[in-house]
Number of protein chains: 2
Amino acid sequence: MTSCDLCVVRNRAICSALDGRELAALNAIGRTRNIVAGESLIWEGEESVLVANVIEGVLKLSTNTEDGREQIVGVVYPSDFIGRPFGGTAGQGVTALTDAKVCVFARRDFDAFAREHPGLEHKLLERTLGELDRTRRWMLLLGRKSASEKVASFLVEMAERLSGAGCRIDAEDPNRRWLVLPFSRQQIADVLGLTIETVSRQFTRLKTQGIVELPSRRDVVVLDFQGLVAEAG
Amino acid sequence: MTSCDLCVVRNRAICSALDGRELAALNAIGRTRNIVAGESLIWEGEESVLVANVIEGVLKLSTNTEDGREQIVGVVYPSDFIGRPFGGTAGQGVTALTDAKVCVFARRDFDAFAREHPGLEHKLLERTLGELDRTRRWMLLLGRKSASEKVASFLVEMAERLSGAGCRIDAEDPNRRWLVLPFSRQQIADVLGLTIETVSRQFTRLKTQGIVELPSRRDVVVLDFQGLVAEAG
DNA sequence: CGAGCAGTTGAGGATCATCAACGGATGTGG
DNA sequence: CCACATCCGTTGATGATCCTCAACTGCTCG
């Protein structure tokens, strides 16, 4: 019995392409690793030495300009794959936003294993194609949306991505949702290409308009999900 | 002999993973198609019915907001792959910027073929991973760079991507390059998340500073490539 | 209690968008 | 061949949006 048998993302991650025997082989070259919030797993520009599956927690992918400006270019959740297989350098850093647990592989080992298991590569391809689509849609937000549209879009996206962990839909009123954001205000700003002050002002505006409540820093209660979607443009 | 034998992108496109026999099979399910500048091959939001390899020309991938704002989220060149295999809807429209020639496949046929040819899927995976990296780096530009940095970055990127067709490096002075842009000013604005007026002003500023010459609408002579890279931030 | 951190609020200003007029190139018809 | 229209790009004036700088608030933790 491999530890994979107990893995909570077993049926959602790319590993779902493998049978028991193959899974044992994959398990032999990987190991789980715990990461605390704020810790980095991969650094931008370094040679790609490891890849991983996310088991628990939320991590960010980010790039920086030389003078220190940051842009968060992706957010990964349990069952998502991270890292750059098949050579090259890591295009972006990977840092935990919450405490996290990942299943890591040496990139070379993973590459070799993947090439021998087309089913795994296929899963990875589907996942990568989906991620590319999602990323390109986010570019529309970065390039063409206003600050208010950006913040509203962010909250809508969070409500969708966090469903299950960190998001609860009110049983009586589906228009009402409760989110626990894995982001600080600065990180939200870095996702949206805004400053922290602008994000803050947009949050208080949404609060003033009665679209959300803000019980604490990381909590958002969406009172009017439809209104939020309308704001998202 | 298949028409693939004569294909100019034969050794660069994903087809390079196939041997003669396999290529003949792929050739049987595809056909070449000519597209005139401005014509669309795929529309955003429609069901994904075809995929293609680019043989000649340059095409844009774009998404639009409901109220008509456009963001160009990708540009594809000869040997690049376009379309969304493995189900779902097309995340972005594909439109020719120049007259183009593509090798199209019905998505279902391509999907089935790919699943039987892991080498092809592997090439497609490598290409998709590279495209995702490139796209994420472009997000840094959209979210965090100023108009002047955006335009300079755009010209640097063009000088690199067009090398060969549409870009000539001066034999005597490698710092001097001549580009023929496949974009109108409006399209450049749609790539960079700016307005046409801002793009125009940045071009004339670069001209005034002696970094470029603008002999015609689509021509750019870069006089100081290093200076341009410095401006790109 | 005070220090430190994250977030909020305010004032002022830079950047970029908007609106409008104009210029140059190309094409058409008289 | 020249008026005229059209398209694309440039330039200018003005203003909105969002950034910058600064002060302040509320929390948490020693």
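In what follows, every chain begins at residue 1, and chains take the letters A, B, ... in the order their sequences are listed.
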> Is B/Gln186 side chain donor-acceptor paired with the D/dC7 base, going by distance under 3.5 Å alone?
no
> Can you tell me the distance, in whole Å, between the CG atom of A/Asp190 and the C1' atom of D/dC19?
14 Å
> Decide yes or no, distance alone: a donor-acceptor N/O pair under 3.5 angstrom between the base of D/dC8 and the side-chain of B/Arg185.
no
> Hey, could you give me the CZ/OG1 distance between A/Phe81 and A/Thr128, rounded to the nearest 0.5 Å?
7.5 Å
> Whole-Å distance between D/dC27 P and A/Arg218 CZ?
16 Å
> Counting side-chain heavy atoms from CB outward, which of C/dT18, C/dA17, D/dC18 is closest to B/Glu197?
C/dT18
> Enter the distance from B/Arg69:CZ to A/Ser146:OG here, rounded to the nearest 0.5 Å.
6.5 Å
> Working note: A/Arg136 + B/Glu44, criterion salt bridge (charged side-chain N to carboxylate O under 4.0 Å, His left out); need CA distance, chi angles, decisive distance, verdict.
CA-CA 12 Å; A/Arg136 283 176 169 157; B/Glu44 180 182 359; over 6 Å; no
> Among the nucleotides C/dG7, D/dT11, C/dG23, which one has an atom lying closest to any side-chain atom of B/Ser200?
D/dT11
> Roughly, in whole Å, what's the span from NZ in A/Lys207 to P in C/dG7?
14 Å
> Without decimals, in angstroms, what is the distance between A/Arg205 CZ and C/dT8 C1'?
16 Å
> Under 4.0 Å: is that the gap between some side-chain N or O of A/Ser146 and OP1 or OP2 of D/dT17?
no
> What is the separation between atom CD1 on A/Ile188 and atom C1' on C/dA6, rounded to the nearest whole Å?
12 Å
> What nucleotide among C/dA20, D/dC19, C/dG7 has an atom nearest to a side-chain atom of A/Ile196?
C/dG7
> Between A/Glu157 and A/Arg134, is the side-chain contact (heavy atoms from CB on, under 4.5 Å) condition met? List the steps.
CA-CA 11 Å; A/Glu157 168 99 354; A/Arg134 176 194 303 281; 3.5 Å; yes
> Is A/Thr198 close enough to D/dC19 that one of its side-chain N or O atoms is under 4.0 Å from OP1 or OP2 there?
yes
> Using a cut-off of strictly less than 4.0 Å, decide whether B/Arg201 has a side-chain nitrogen or oxygen near OP1 or OP2 of D/dT10.
no
> Distance check needed: D/dT10 P versus B/Leu194 CG, whole Å only.
14 Å
> Expressed in angstrom and rounded to an integer, what is the separation of B/Arg69 atom CZ from C/dT18 atom C1'?
14 Å
> Identify, between A/Lys145 and A/Arg217, the residue whose nearest nucleotide on DNA chain D lies closer to the 5' end.
A/Lys145
> Would you find more than 12 non-hydrogen atoms of other residues, nucleotides or ligands less than 6.0 Å from B/Gln186 atom CD?
yes
> What's the CG-C1' distance between B/Leu206 and D/dT10, to the nearest Å?
15 Å
